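The structure under discussion appears below in the form of structure tokens.
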Amino acid sequence: MKCSLCPRKCQAQRTEDKNLNGFCKMPLLPRVARAALHFWEEPCISGQNGSGTVFFSGCSLSCVFCQNYDVSHNGYGKDITTERLAEIFRELEQKGAHNINLVSPTHYALAIKKALDIYKPNIPIVYNSNGYESKETLKLLEGYIDIFLLDFKYFDDEKALRFSAAKDYPQVAKETILEAYRQQPNCVFGVGIMKKGVIIRHLLMPQATNDAINIFEWVKNNTPNAYFSLMSQYIPYGEAVNIKPVNRKITKREYEKVLNYILESGFQNTYFQEKESASEEFIPRFDLSGV
């Protein structure tokens with residue numbers, strides 16, 4: 001097929017096992033780096049038992065700071081069939097996962113849909129995305145996704161171009177969030193665990209407090225029933241170690257400026273990371289576990 005699943009619409013020739021000249025470099029069938037219970041998402045996602053997380057290889061962005069660099073940029077992982085993906089969903093459910101958490105799923109949307117047609121777990125399906133999505137692809141998955149866990153990385157298009165090679169990211173992310181919010185306009189919980197809804201994440205980066213505040217304001221005004229999650233875990237990784245200003249962690253002053261702004265706004269649907277979460281010990285080990 002000529003692929004247009006993500007906003008780049010690069011028209012790559014993708015077959016089950018090959019990708020010719022596509023941005024993500026991934027085939028149509030899934031490549032997975034890890035499938036295991038994961039405990040480091042928002043509390044309503046991880047809960048006590050963990051989130052049944054499937055880390056897919058490849059990505060529609062090219063973030064210079066990506067903490068999953070070997071997986072997202074270098075394509076590390078194991079190629080599997082849609083039947084095996086469905087089995088993984090079942091296995092994670094049997095382990096007691098609160099949900100099935102699909103990380104970087106965009107370029108495998110067709111395979112994911114087929115796998116869920118083979119076996120649809122009796123727990124929520126989480127679409128865990130960088131926020132750079134095609135509305136057509138999200139509409140293709142309507143009815144399959146219970147929770148959208150979406151990044152909103154940049155409000156400034158020059159930052160998006162410089163750090164993720166996607167100048168159109170801010171506008172695309174807004175459209176992505178609005179489509180997700182249309183599909184799941186209300187957050188539904190059961191004993192502290194989210195069953196349906198939208199969570200919008202923002203990773204605070206160095207010298208980007210105004211960007212973070214602008215993103216929060218947009219979320220508050222446009223998706224008032226969604227949750228906003230401020231993340232403080234930024235660590236310079238990959239190419240970022242040589243690029244200013246993203247070659248350092250955020251400061252206490254930067255974090256508190258954004259945190260206090262959100263707290264003073266009165267918006268209730270929020271999650272905050274502790275600043276100490278900026279540690280490599282929270283980066284998953286991509287060892288093909290569960291694949």
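From a predicted model like this one, the values you see are computed outputs, not experimental measurements.
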| request: Could you grab the distance from atom SG of Cys3 to atom CD of Gln11, nearest 0.5 Å is fine? | output: 8.0 Å

| message | The criterion is side chain to side chain contact (heavy atoms under 4.5 Å, CB included); which residues satisfy it with Leu37, sequence neighbours excluded? | response | Phe39, Lys95, Ala97

| request: Run the salt-bridge test on Glu87 and Arg84 with the 4.0 Å N-O cut-off and return the result as yes or no. | output: yes

| request: Please name all residues satisfying side chain to side chain contact (heavy atoms under 4.5 Å, CB included) with Asn21, sequence neighbours left out, ordered by chain then number. | output: none

| message | Please enumerate all residues that pass side chain to side chain contact (heavy atoms under 4.5 Å, CB included) together with Gln183, with sequence neighbours excluded. | response | Leu138, Glu142, Phe148, Glu179

| request: Not counting sequence neighbours, list each pair that qualifies as a ring-ring contact (aromatic ring centres under 6.0 Å, His included) and has a residue in residues 73-106. | output: Tyr69-His73

| message | Could you measure the distance from the OG atom of Ser229 to the CG atom of Asn269? Nearest 0.5 Å is fine. | response | 12.0 Å

| message | With no hydrogens and no angle check, just 3.5 Å: does a side-chain donor-acceptor pair link Tyr127 and Asp146? | response | no

| Measuring from Ser164:OG to Asp157:CG, what's the distance to the nearest 0.5 Å? | 12.5 Å

| With Glu158 via side-chain hydrogen bond (donor to acceptor under 3.5 Å, both in side chains) - residues at least two apart | Lys167

| Does one side chain, of Asp17 or Thr15, offer a donor that lies under 3.5 Å from an acceptor on the other? | yes

| query | Considering only heavy atoms from C-beta outward, does the side chain of Cys187 approach that of Met194 to under 4.5 Å? | reply | yes

| message | Minimum heavy-atom separation for Cys10 and Gly22, please, with both atom names. | response | SG-CA, 3.9 Å

| field | Val198 backbone acceptor or donor facing Gln184 side chain under 3.5 Å | value | no

| request: Return the set of residues passing side chain to side chain contact (heavy atoms under 4.5 Å, CB included) with Lys114 (not counting sequence neighbours), or none when no residue passes. | output: Thr82

| request: Grab the two heavy atoms, one from Tyr154 and one from Cys63, that are nearest each other, plus how far apart they are. | output: OH-SG, 4.5 Å

| Would Arg34 and Asp287 pass as an ion pair if we require N to O under 4.0 Å? | yes

| request: For Lys2 and Gln13, work out which heavy atoms get closest and say how close. | output: CE-NE2, 3.4 Å

| note | residues 57-75 vs salt bridge (Lys or Arg N to Asp or Glu O under 4.0 Å), sequence neighbours excluded, gives none

| message | Using every non-hydrogen atom in the two residues, find where Pro206 and Ile250 come nearest and quote the distance to one decimal. | response | N-CG2, 3.7 Å

| Side chains of Asn130 and Ser60: is there a donor and an acceptor less than 3.5 Å apart? | yes

| request: Nearest 0.5 Å please: distance from the CD1 atom of Ile200 over to the OG1 atom of Thr223. | output: 3.5 Å

| Minimal non-hydrogen separation, Phe55 against Pro284, with atom names | CZ-CG, 3.7 Å

| request: With sequence neighbours excluded, tell me which residues meet salt bridge (charged side-chain N to carboxylate O under 4.0 Å, His left out) with Arg31. | output: Asp79

| message | Regarding Asp168 and Tyr132, do their side chains bring together a donor and an acceptor under 3.5 Å, going by distance alone? | response | yes

| Minimum-distance pair of heavy atoms, taken over all atoms of Arg14 and Leu28 | O-CD1, 3.5 Å

| query | Does anything in residues 186-218 pair up under ring-ring contact (aromatic ring centres under 6.0 Å, His included), and if so which pairs, sequence neighbours excluded? | reply | Phe152-Trp218, Phe189-Tyr227, Phe216-Phe228, Phe216-Phe267

| query | How long is the gap from NZ on Lys220 to CD on Gln268, to the nearest 0.5 Å? | reply | 12.0 Å

| query | Which residues pass the salt bridge (charged side-chain N to carboxylate O under 4.0 Å, His left out) test with Glu42, sequence neighbours left out? | reply | Arg201

| query | To the nearest 0.5 Å, what is the distance between CD1 (Ile112) and OG1 (Thr106)? | reply | 8.0 Å

| said: Once salt bridge (charged side-chain N to carboxylate O under 4.0 Å, His left out) is applied, do any residues pair with Arg248, and if so which ones, sequence neighbours excluded? | reply: Glu254

| All salt bridge (charged side-chain N to carboxylate O under 4.0 Å, His left out) counterparts of Lys159, not counting sequence neighbours | none

| query | Is there a side-chain contact between Gln67 and Gln233, using heavy atoms and a 4.5 Å cut-off? | reply | yes

